Protein chains: 2
Amino acid sequence: MGLREVKRERTRRLIADKAFELFSDNGFGRTTVEQIAAAAEVGPSTLYRYFPTKEGLVLEFVDDCLADAVDWFHQQPAMHLPDGLRAVIERVLEQLERNPERIRAVFDLAEQTGSVSAHLNELIWRFRTDLADELVRRLPTDDPRRSEFVAALSAGIAMNIIETVVRVWVDTPDTVEAKALARRAMRLLCTGGVPLPGAQDA
Amino acid sequence: MGLREVKRERTRRLIADKAFELFSDNGFGRTTVEQIAAAAEVGPSTLYRYFPTKEGLVLEFVDDCLADAVDWFHQQPAMHLPDGLRAVIERVLEQLERNPERIRAVFDLAEQTGSVSAHLNELIWRFRTDLADELVRRLPTDDPRRSEFVAALSAGIAMNIIETVVRVWVDTPDTVEAKALARRAMRLLCTGGVPLPGAQDA
DNA sequence: AGTCATATGGTAGTCACTACCAAAATCTTA
DNA sequence: TAAGATTTTGGTAGTGACTACCATATGACT
């Protein structure tokens, strides 16, 4: 790896770190990108070469985790769908757990700031569609409509579990591990602990 | 109702209609709020008194539909949760179906424009949390943690069904009705047609 | 050292959005 | 209906995110 890439990596990290620092000190809305650029000792135009938007500064890590999980799943061999879903869910949580403070910071910012929350939800939505695309490849092709429908619903359920687990997890002092929560969620769903709409009995 | 409110209502509709017109003609990104204000023959400051953001112009109808459904559910008597979930889902779809062209336009814009999609997802997320708050009131209070968890997952599932159904519905020539799709989704979920993650058999 | 590719900082500009104020329209009451 | 109170409106000035563009600086290669 040449010096160029080393520097690029360093600058990128520096910008993101300074950004989180300023956001947590002064709040997202009361921090300007100029201030971030100044703190990282780069020009604003450089900052925008690294990050697409102010919100992107916050969400890059989450984006990477989700993208990684989709890639990873893409390379997995064929397996039964329930196992596959469980595997992606756990993969995402493992990725996120690599940096718990960052995740907490992200969700704190999202809770306080509408535009961050919106971009986060957008990210999540994209993950869901990517996952659905991946799932549909593993479903029978005789009735494409049905398979797309099933894939979309399945991806939604996986996403739902991840999202719910993470939200609980970030609000919890670090005694709980995300994967245990996820397993609990899956058990609740499979055993009827969570009521499915339209089911005959409660 | 005084003349004031009549005019307010008229102006509000006029602005939104002109906005959709311009967006569909020139695209969201290539339309400025000044142009919209000019087309509706009001000043930009007036436009901003009616709508919070450019995206809000697009999403007001969806927002109203979701808000209505939460309100409506809030007033419903106690019922078994599966029936309740089914009821909210159908209520939302009924509301949305009141104005199919608008919904299609909204989702078209969301597909083309990131910021619209982000705001839409944000709206959906808020609906999900509101619904979860409502559900938790109807669950046992002996283990609040568990009830919150179940409520969040249930609300997510309901939202998932609504979202999936609507996305299919807007892409479909109007031969299909949303409620029928929703019932199909519910049946798939309850009968194991959709694989639940971690289930023992596929 | 010299040349090439890329990274950087700065400038100028667009546009969404806010705060504020004076004028116009509507409502109220005598 | 006239006068006053209240709400609605349009305009001005400004902030800040973001883009396009260009000249300069910096690391890469021979």
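No experiment lies behind these values; they were computed from the predicted model shown. Naming convention: chains lettered A, B, ... in sequence-line order (proteins, then strands); numbering from 1 in each chain.
- Candidate nucleotides dT26(C), dT9(D), dA17(D) were compared by shortest atom distance to the side chain of Tyr48(A), and dA17(D) ranks first.
- No cation-pi contact links Arg98(A) to Phe61(A), judged by a cut-off of 6.0 Å to the six-membered ring centre and 45° from its axis.
- Comparing Pro44(A) and His119(B) against DNA chain C, the residue whose closest nucleotide sits nearer the 5' end is Pro44(A).
- Checked for salt-bridge contact, Glu90(A) and Arg86(A) meet the test: a charged N lies under 4.0 Å from a carboxylate O.
- Taking only side-chain nitrogens and oxygens, Lys7(B) comes nearer than 4.0 Å to OP1 or OP2 of dT26(C).
- Taking 4.0 angstrom as the limit, Arg8(A) places a side-chain polar atom (N or O) nearer than this to OP1 or OP2 of dA7(C).
- When the side-chain nitrogen and oxygen atoms of Thr32(B) are compared with OP1 and OP2 of dC15(C), none of them lie within a distance under 4.0 Å.
- Considering only the side chain of Glu55(A), dC18(D) comes nearest among dA7(C), dT26(C), dC18(D).
- Nearest-nucleotide mapping onto DNA chain C: of Lys54(B) and Ser45(A), the residue sitting toward the 5' end is Ser45(A).
- Considering only the side chain of Arg49(B), dC20(C) comes nearest among dC20(C), dG16(D), dC27(C).
- Cation-pi check for Arg13(B) over Tyr50(B) is not met; the charged atom does not lie both under 6.0 angstrom from the ring centroid and within 45 degrees of its normal.
- Listed pair Tyr50(A) / dA7(C) fails the phosphate criterion, with no side-chain N or O lying under 4.0 Å from OP1 or OP2.
- Judged by the 6.0 Å distance and 45° axis criteria, Arg184(A) is positioned over the aromatic ring of Phe149(B).
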